[in-house]
Amino acid sequence: MVFRGTITDAPNFDATADAEALYNAMKGIGSDKEAILDLVTSRSNAQRQEIIAAYKSSFGKDLIDDLKYELTGKFERLIVSLMRTPAYHDAKEIHDAVKGAGTDERCLIEVLASRNNKQIHDMVAAYRDAYGREIEEDIIMDTSGHFKKMLVVLLQVSDHQITTGEEQWGTDEAKFIMILGNRSMTHLRMVFDAYEKIAETSIEDSIKSELSGDFERLMLAVVQCIRSVPMFFARRLYKSMKGLGTADNTLIRIMICRSEIDMLDIRECFRLRYEKSLYNMIKDDTSGDYKRTLLELCGGDDDLAGEFFPEAAQIAYKMWELSAMTKVQLRPTVRPAADFDPAADAQALRKAMKGFGTDEDAIIEIIAKRSNAQRQEIRQAFKSLLGRDLMKDLKSELSKNLERLIIGLMLTPAEFDAKMMRKAMEGAGTDEHALIEILVTRSNEEIQAMCAAYENAYKKSLEAAIQSDTSGHFCRILVSLVQGAREVGPADMERANEDAQELADACNADSDDMEMKFMSILCTRSFPHLRKVFQEFVKCSNKDIEQIIKKEMSGDVKNAFYAIVRSVKNQPSYFADRLYKAMKGLGTDDRALIRIMVSRSEIDLFNIRKEFKETHDASLHEFIQVETMIVSWRLLL
């Protein structure tokens, strides 16, 4: 196996000299943390064990005890953990996860799902030696149900391969345990590929729909590790640092345990998935000597558009293949109401707005629980029965964001999109992100209906409005998209290879030619075709299309092309990311929040919710509750 770590044996190693250097760094008042950090991170784990032995021989003291005494906080935890052997470090992590009141299920999942047979065998022995107990017994005492059964299966050192008979996939949890717990990695990858062809969905999606809780998390971790251990750890590292606070135990554990195995591959996978180097994320998220030590273990910053290592190139190619294969069933969160009576709803809305004060709850309850087509019938009934304009009444009775949200729900999708485009361009500044988001994600029919609604409402063509409000290549991209003339249909394999090669060749052209070539393909080809193009682009260039766009382009042009790529790859995930950006940081971008929630509620808001939860470890519902005061969000969700 090729070494892919960042920490290697130090040349001209002298354990006794290192022991003396550490002793001197801790002598007297205060300690020379920098000397300790530099020495410990530039020696391999095997060399550190020799230093521990030399320290005891030379000074009659325990090096780990001295380090614990001299250092503090996260830096102490990190340095002391580096001094343990991998097996004893794993054993301590498992022991800490199960001892005391609560259980750290995520630590159990991460360690047991990702270790190979030898690592499991050594960890079991180290646990017995360190704690005088059996690791299996402690895990059994501290967990339950199918989760416990699968953990026990993972503790058994075996590598069975069953090549005969047909796999019976069902909702039975025991079958998932049997299949995922007792096969060789190579065989399981073949099983996953066969499953995807038969079921037209990935094994991950089946697990998500059929299992739940810690058992679901464990099985997903097992599948992710079978697909790619470095990608699994890249995800874990990202989740340990994003959002408020850092999960330092997870960060320390992974950086230590992978530094001599596959840290280079993890860095590549991290860059591929999150468009940011692991080095920079650690730099932004940590501080002091703790940060310096983690960065030493990381081993360097990655050039954003550098070429892939073989492992990462294969993963990038496979990710596009999975994206093309997965047939996502789009699911709305708002559906037509049963026993719908537009006249009764019109009367109820009038009652809610009559007299002193407004019954906002009653308005929300009706409007958020009707489909858009039903709301249009209510608008007509309101005018026929009461001779009043429902929109005007709602505007006069409601205020601020609630008014914007309710009015947005009452407009037809085309009227709403037209209004959002108008809002993005009126006044002093332009909301380029809104223009991009709408034009990239709407179908040809939706764009054409929006253009008609825009002209009807504002007596000016949307194309003319875009041309007067934007300029250069960005303007050209938007004008191309606003034609609503994107090709439809599946990928044309031969043409996809040609398109991929043209994009790869364009990367060597000057920026103007490159942008025009990208526009001619990204703005016109069907999404299924572009999936294949982006997949083959990895093969042609050994680079990922997202990284090229981020590295070689800038400003609004970069954002527009990037949005197209993200939408092609996974549109619900793109919207989940837009929602997260609308709410994180200081203040909420209420317009973006309203735009996405209203426009996707009858299309794919359920899928967006799932993607949000998976990426951000918090439900969209929780996020919105914290960030806004509008009660009607819960009804749209």
When you look at [atom1] of [X], are more than 12 heavy atoms from neighbouring residues, nucleotides or ligands closer to it than 6.0 Å?
{"X": "Glu487", "atom1": "CD", "value": "yes"}
{"X": "Lys459", "atom1": "NZ", "value": "yes"}
{"X": "Arg331", "atom1": "CZ", "value": "no"}

Can you check whether [X] reaches [Y] side chain to side chain, under 4.5 Å on heavy atoms?
{"X": "Leu462", "Y": "Glu455", "result": "no"}
{"X": "Leu409", "Y": "Asn372", "result": "no"}
{"X": "Met583", "Y": "Asp590", "result": "no"}
{"X": "Ser599", "Y": "Phe416", "result": "yes"}
{"X": "Arg525", "Y": "Val533", "result": "no"}
{"X": "Arg106", "Y": "Asp214", "result": "no"}
{"X": "Phe215", "Y": "Thr143", "result": "no"}
{"X": "Gln376", "Y": "Arg370", "result": "no"}

Kindly give the heavy-atom pair with the smallest separation between [X] and [Y], and that separation in Å.
{"X": "Phe518", "Y": "Ile548", "answer": "CZ-CG2, 4.2 Å"}
{"X": "Leu620", "Y": "Arg609", "answer": "CD2-CG, 4.0 Å"}
{"X": "Phe527", "Y": "Val440", "answer": "CZ-O, 3.7 Å"}
{"X": "Thr470", "Y": "Cys475", "answer": "OG1-CB, 3.3 Å"}
{"X": "Ile447", "Y": "Leu439", "answer": "CD1-O, 3.7 Å"}
{"X": "Met553", "Y": "Lys558", "answer": "O-CD, 3.5 Å"}

Determine yes or no for a side-chain-to-main-chain donor-acceptor pair under 3.5 angstrom, with [X] supplying the side chain and [Y] the backbone.
{"X": "Arg531", "Y": "Val568", "answer": "yes"}
{"X": "Arg375", "Y": "Ile367", "answer": "yes"}
{"X": "Glu204", "Y": "Leu220", "answer": "no"}
{"X": "Arg379", "Y": "Met410", "answer": "yes"}
{"X": "Asp345", "Y": "Ile378", "answer": "no"}
{"X": "Gln483", "Y": "Val479", "answer": "yes"}
{"X": "Arg442", "Y": "Val482", "answer": "no"}
{"X": "Ser567", "Y": "Thr441", "answer": "no"}
{"X": "Gln374", "Y": "Ser371", "answer": "yes"}

Salt bridge check, [Y] against [X]: does any charged N sit closer than 4.0 Å to a carboxylate O?
{"X": "Arg189", "Y": "Asp193", "value": "no"}
{"X": "Lys369", "Y": "Glu365", "value": "yes"}
{"X": "Asp431", "Y": "Lys423", "value": "no"}
{"X": "Lys400", "Y": "Glu403", "value": "no"}
{"X": "Arg217", "Y": "Glu105", "value": "no"}

Among Glu437, Lys569, Glu611, which one satisfies side chain to side chain contact (heavy atoms under 4.5 Å, CB included) with Tyr574?
->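 Filter result, single survivor: Glu437.
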Of the options Ile436, Ile466, Thr430, which is the one that meets Phe474 in a side chain to side chain contact (heavy atoms under 4.5 Å, CB included)?
->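 The residue from Ile436, Ile466, Thr430 that satisfies side chain to side chain contact (heavy atoms under 4.5 Å, CB included) with Phe474 turns out to be Ile436.
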Measure centre to centre between the rings of Phe623 and Tyr580, then say whether the value is under 6.0 Å.
->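 So the answer is yes for these two rings.
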When you check the side-chain N and O atoms of Arg566 and Ser573, is any donor under 3.5 Å from an acceptor?
->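 Result is yes, a qualifying pair exists.
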Asp499 and His529: side chain donor to acceptor below 3.5 Å |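 There is such a pair (donor and acceptor under 3.5 Å, judged by atom type) between the side chains of Asp499 and His529.
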If you measure from OG1 on Thr333 to CZ on Phe606, what distance do you get to the nearest 0.5 Å?
->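 With rounding to 0.5 Å, OG1 (Thr333) is 9.5 Å from CZ (Phe606).
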Is the charged tip of Arg388 near the ring of Phe382: under 6.0 Å from the six-membered ring centre and within 45° of its axis?
->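 Not satisfied by the 6.0 Å and 45° rule.
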Phe270 six-ring centre to Lys276 NZ/CZ under 6.0 Å and within 45° of normal |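 The answer is no; the distance or angle limit is not met.
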Derivation and outcome, side-chain contact (heavy atoms from CB on, under 4.5 Å), residues Lys351 and Asp359 = CA-CA 8 Å; Lys351 186 182 170 192; Asp359 187 347; over 6 Å; no
Stepwise salt bridge (Lys or Arg N to Asp or Glu O under 4.0 Å) check, Glu515 with Arg476 = CA-CA 10 Å; Glu515 287 174 3; Arg476 288 204 262 292; over 6 Å; no
